[in-house]
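The structure is given below, and queries will be raised subsequently.
Just so you know, these numbers come straight off a predicted model, no measurement behind them. In what follows, every chain begins at residue 1, and chains take the letters A, B, ... in the order their sequences are listed.
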Number of protein chains: 2
Amino acid sequence: MNATILTIGDELLIGQIINTNQAWIGEQLNLVNVRVARMLTVGDDMQAILTAFTEAWSRSDVVIVTGGLGPTHDDITKKAVCTFFDSGLVSNDDVRKHIEEFMRKRNRTWSPSAEEQTLVPRKAGIIWNPLGTAAGMLFTEGRKRFIVLPGVPYEMKEMMTQSVLPLLAGLVEGTVIRHRTLRTTGIGESDLAELLGNIDELLQGASLAFLPAPTGVKLRISVHDTDVAAADRKVAEVEARIRAKSDKYIYGTGTEELEEALGRMLLARNKTIAVAESCTGGLVLEKLTRISGSSAYVLGGAVAYSNGAKTALLGVPAALIEKHGAVSAEVAEAMADGVRKVTGADIGLSVTGIAGPTGGTPEKPVGLIYIGYADPSCTLAVKHQFAGSRAVIRDRTSAAAMELVRRKLL
Amino acid sequence: MNATILTIGDELLIGQIINTNQAWIGEQLNLVNVRVARMLTVGDDMQAILTAFTEAWSRSDVVIVTGGLGPTHDDITKKAVCTFFDSGLVSNDDVRKHIEEFMRKRNRTWSPSAEEQTLVPRKAGIIWNPLGTAAGMLFTEGRKRFIVLPGVPYEMKEMMTQSVLPLLAGLVEGTVIRHRTLRTTGIGESDLAELLGNIDELLQGASLAFLPAPTGVKLRISVHDTDVAAADRKVAEVEARIRAKSDKYIYGTGTEELEEALGRMLLARNKTIAVAESCTGGLVLEKLTRISGSSAYVLGGAVAYSNGAKTALLGVPAALIEKHGAVSAEVAEAMADGVRKVTGADIGLSVTGIAGPTGGTPEKPVGLIYIGYADPSCTLAVKHQFAGSRAVIRDRTSAAAMELVRRKLL
């Protein structure tokens with residue numbers, strides 16, 4: 001079963017927006033064993049869209065279209081779909097109710113564009129959009145499916161996950177592909193490759209992708225087989241061999257982020273944490289609190305960007321900062337102790353450093369980071385020297401800080 | 001002059017890699033007034049590549065192909081090019097010298113794959129690759145150009161900048177395209193469309209794209225004209241008409257983010273800010289401090305996730321929280337006051353609310369947010385009701401908080 005992903009929007013053609021929807025959809029289809037044969041992008045132009053529809057629909061079992069479903073004049077995808085499938089528009093009551101509810105919650109009044117959003121092609125099935133007002137559309141021709149979704153990423157992803165992927169997974173036959181992703185942090189791509197050693201022995205016919213990111217390297221195991229159970233068994237065997245060599249770097253699997261893994265551990269051990277951040281400016285706390293339910297173990301903390309704030313919010317003695325400098329092991333430890341005491345958390349974590357691109361000196365270059373840790377039994381600081389842009393250094397630092405706590409909890 | 005960008009690689013189709021090359025090339029071509037009509041991605045499959053070549057070459061004046069030029073078994077683009085243009089391979093002496101020099105510098109010994117890299121199609125012109133060993137290829141047919149580049153981003157970008165863009169700029173005639181992006185926040189896509197009213201009057205032949213995101217809607221004005229000055233004048237006229245109707249929602253232009261715009265204003269007015277966050281968990285501070293140099297106006301703040309932390313870090317009276325609840329205008333104001341006092345900032349900003357998906361009640365549903373503001377002359381709180389996932393609600397909230405300060409500074 002093969003698919004074409006068609007993304008629509010002038011902003012994509014002029015590179016104003018990077019096409020992350022396309023990549024995400026490709027990844028998701030692959031996971032349900034739908035083979036993506038083509039990705040195509042065209043602009044907000046009726047003829048270009050219709051030509052792309054014709055090509056994609058003649059070539060593929062599944063066509064997934066995103067973009068151009070909004071309420072404004074440049075959103076012409078719905079009109080193109082009506083022309084292509086020779087279908088009129090009809091106002092849908094369920095969609096209307098949803099939009100009314102949606103606008104009521106936001107204290108917004110009914111408008112012509114809201115009315116326009118209630119219209120769907122008569123020949124289309126509706127794909128529910130819980131997070132927005134633009135309904136998705138489904139056209140069926142035998143085993144073929146033509147699916148139209150909005151381009152707003154969080155709406156599209158919700159609709160794919162809730163409706164489209166289950167629908168397609170039910171249609172797939174033949175060989176299966178099984179994947180498993182092991183998520184590592186604290187070790188670089190090449191060091192990890194060294195550690196894993198002879199790749200053929202390790203994989204024995206499976207395939208392995210190294211997916212590096214500032215916060216860590218993902219290892220993606222893939223196995224093709226005609227039998228699901230056999231494929232799953234092979235994946236498990238490869239995972240076991242990989243873990244035997246690198247387990248301590250693996251914090252989670254699949255889509256689990258480090259902040260989720262750490263949250264799970266804190267919850268299981270019934271420990272609370274507080275964080276004091278300087279150069280990361282709140283990134284560690286922001287990541288920890290992305291997780292729903294994190295209020296059970298994250299008490300909060302301080303972003304002490306100025307020296308004054310380090311003293312006022314965390315009780316770090318001005319003299320200590322004066323003596324060792326704000327970017328030092330001593331201040332990192334004092335920040336971790338301070339945030340722990342002031343919040344009453346079991347664990348205090350701190351970050352101080354130079355994210356750059358400015359502010360570096362020969363003694364304290366850009367990328368120099370101290371991470372502090374405090375619990376009832378010990379206080380310590382770890383030094384790192386990271387490279388990359390300001391954003392990358394902040395990202396690496398936040399991962400290193402969370403990883404330090406994870407290792408202490410192990 | 002219109003172009004197709006063709007990117008080749010299985011890793012793109014399964015979403016293992018986000019196609020940033022495509023976006024970058026699109027942006028660059030647009031800047032030299034080559035209109036990108038299509039972006040197409042296919043896998044490392046000979047038939048798929050040849051079909052894509054045929055389509056693209058018949059459709060476009062310019063075809064830019066990237067990917068699959070490496071030395072490994074799955075890099076088959078060069079073979080496909082030879083088949084498509086019916087050309088044999090010949091070892092090129094200049095390329096050989098370059099590769100020899102390249103490997104000598106890296107103390108690498110000559111290999112079969114290096115030998116293979118010296119081969120280029122007899123019918124192709126060479127596009128120099130200063131940063132790598134895979135030579136680029138140029139095929140010419142009248143005014144049409146078929147250009148093949150490696151997929152390694154920094155190699156491709158260098159070759160585009162040094163060779164391809166100057167080449168194409170020299171061929172372009174006729175219309176130029178000019179764009180300008182106005183960035184709004186605090187108003188939804190449809191409300192903004194309503195506010196702008198009759199779109200034809202507004203645009204008078206120009207085009208306008210609405211690009212919505214949780215943090216705000218971008219408006220991109222585009223004008224095609226034969227004369228650069230005339231195009232720029234039309235863009236300026238459309239911008240003036242848009243600003244006349246919606247200026248207070250426009251915080252910046254081009255790629256400027258709200259946190260940059262706000263930072264600029266704080267710096268210009270010599271004001272410092274501190275932030276107290278609950279449900280956003282540090283996102284506002286994290287965004288403000290993404291900007292290099294933000295230490296000049298961001299003093300820091302507190303993430304008071306627990307009620308205890310609100311009292312300990314910000315001096316919010318426990319009784320006040322008891323009486324009104326942590327998610328209330330009163331507590332939002334107390335948090336803004338508190339963070340201002342404890343840090344000594346000119347402006348105190350605060351956020352308290354329910355990001356969800358859990359923790360909502362009928363009286364205080366998920367998405368209920370209070371934003372507090374305090375300066376020497378006033379303290380206030382604003383109520384919002386946002387929808388979406390936890391991440392979207394946090395994102396919307398952070399934008400609304402920064403926007404509140406921007407409006408106060410105006």
Side-chain angles (χ1 to χ4, degrees), chain A residues 10-16 18-20 22-24 26-27 30 36-42 48 70-74 105-106 108 111 113-114 131 152 154 209 211 281-283 285-286 289-290 292-293 295 298-306 308-309 312-313 342-344 357-358 390-391, chain B residues 12-16 18-20 22-24 26-27 30 36-42 48 179 189-191 193-194 199 208-212 220 281-283 285-286 289-290 292-293 295 298-306 308-309 312-313 342-344 357-358 385 387-392:
Chain A
D10 290 338
E11 69 276 12
L12 294 164
L13 294 180
I14 67 168
Q16 186 170 44
I18 290 172
N19 201 332
T20 52
Q22 197 181 52
W24 187 87
E27 185 177 29
N30 185 259
V36 177
R38 292 194 145 209
M39 293 170 162
L40 177 62
T41 304
V42 297
T72 59
H73 73 286
D74 60 324
K105 278 201 188 131
R106 290 163 187 67
R108 273 164 46 188
S111 65
S113 60
L131 302 182
V152 182
Y154 67 89
L211 308 172
L283 182 58
L285 281 159
E286 190 274 315
T289 57
R290 280 178 197 176
S292 177
S295 54
V298 178
L299 297 188
V303 176
Y305 218 54
S306 67
L313 288 162
V342 70
T343 59
T358 59
R390 179 179 178 87
Chain B
L12 294 165
L13 294 179
I14 67 168
Q16 214 164 58
I18 291 171
N19 200 332
T20 51
Q22 198 181 52
W24 187 86
E27 186 178 26
N30 185 258
V36 177
R38 294 195 141 205
M39 293 171 162
L40 178 63
T41 303
V42 298
H179 299 286
E189 182 178 13
S190 12
D191 294 346
E194 300 285 325
I199 206 76
L208 182 68
F210 289 70
L211 308 172
R220 196 189 66 248
L283 181 58
L285 281 159
E286 190 274 315
T289 57
R290 280 178 197 176
S292 177
S295 54
V298 178
L299 297 188
V303 176
Y305 218 54
S306 68
L313 288 162
V342 70
T343 60
T358 60
Q385 179 63 55
S389 64
R390 180 180 178 86
V392 168

| query | Contact part of B/Ile14 toward chain A, heavy-atom cut-off under 4.5 Å: side chain, backbone, both or neither? | reply | both
| field | All side chain to side chain contact (heavy atoms under 4.5 Å, CB included) counterparts of A/Val298, not counting sequence neighbours | value | A/Ile273, A/Leu285, A/Leu288, A/Thr289, A/Ser294, B/Tyr305
| field | Among B/His179, B/Gln22, B/Gln385, B/Gln16, residue most engaged with chain A (heavy-atom pairs, under 4.5 Å) | value | B/Gln16
| said: Quick check on A/Leu283 against chain B: is it the side chain, the backbone, both or neither that has a heavy atom closer than 4.5 Å? | reply: both
| said: Minimum heavy-atom separation for A/Leu12 and B/Met39, please, with both atom names. | reply: O-CE, 3.2 Å
| If you count heavy-atom pairs under 4.5 Å between each of A/Leu131, A/Val152, A/Leu313, A/Thr20 and chain B, which one has the most? | A/Leu313
| Shortest non-hydrogen contact between A/Arg108 and B/Ser190, atoms and distance | NH2-OG, 3.4 Å
| query | B/Ser292, B/Gly26, B/Pro212: which one forms the most heavy-atom pairs within less than 4.5 Å of chain A? | reply | B/Ser292
| task | Could you tell me which of B/Val36, B/Thr343, B/Leu40 has the largest number of non-hydrogen atom pairs under 4.5 Å with chain A? | result | B/Leu40
| Between A/Arg38, A/Glu11, A/Lys105, A/Glu27, which shows the greatest number of heavy-atom pairs under 4.5 Å with chain B? | A/Arg38
| query | Going by heavy atoms in the side chains, are A/Asn19 and B/Ile18 under 4.5 Å from each other? | reply | no
| field | Region of B/Arg220 that comes under 4.5 Å of a non-hydrogen atom in chain A | value | side chain
| A/Val342 to B/Ala312 - nearest heavy-atom pair and separation | O-CB, 3.2 Å
| request: Could you list the residues that satisfy salt bridge (Lys or Arg N to Asp or Glu O under 4.0 Å) with B/Glu286, not counting sequence neighbours? | output: A/Arg394, B/Arg290
| In terms of heavy-atom pairs under 4.5 Å, which option from B/Gly281, B/Gly282, B/Gly344, B/Gly300 contacts chain A the most? | B/Gly281
| task | Among the options B/Val42, B/Thr358, B/Val392, pick out the one with the most heavy-atom pairs lying under 4.5 Å from chain A. | result | B/Val392
| query | Who among B/Ala391, B/Ala304, B/Ser295 has the most heavy-atom pairs with chain A under 4.5 Å? | reply | B/Ser295
| message | Ignoring hydrogens, what is the shortest heavy-atom contact between B/Glu194 and A/Ser111? Give both atom names and the distance. | response | OE2-CB, 3.6 Å
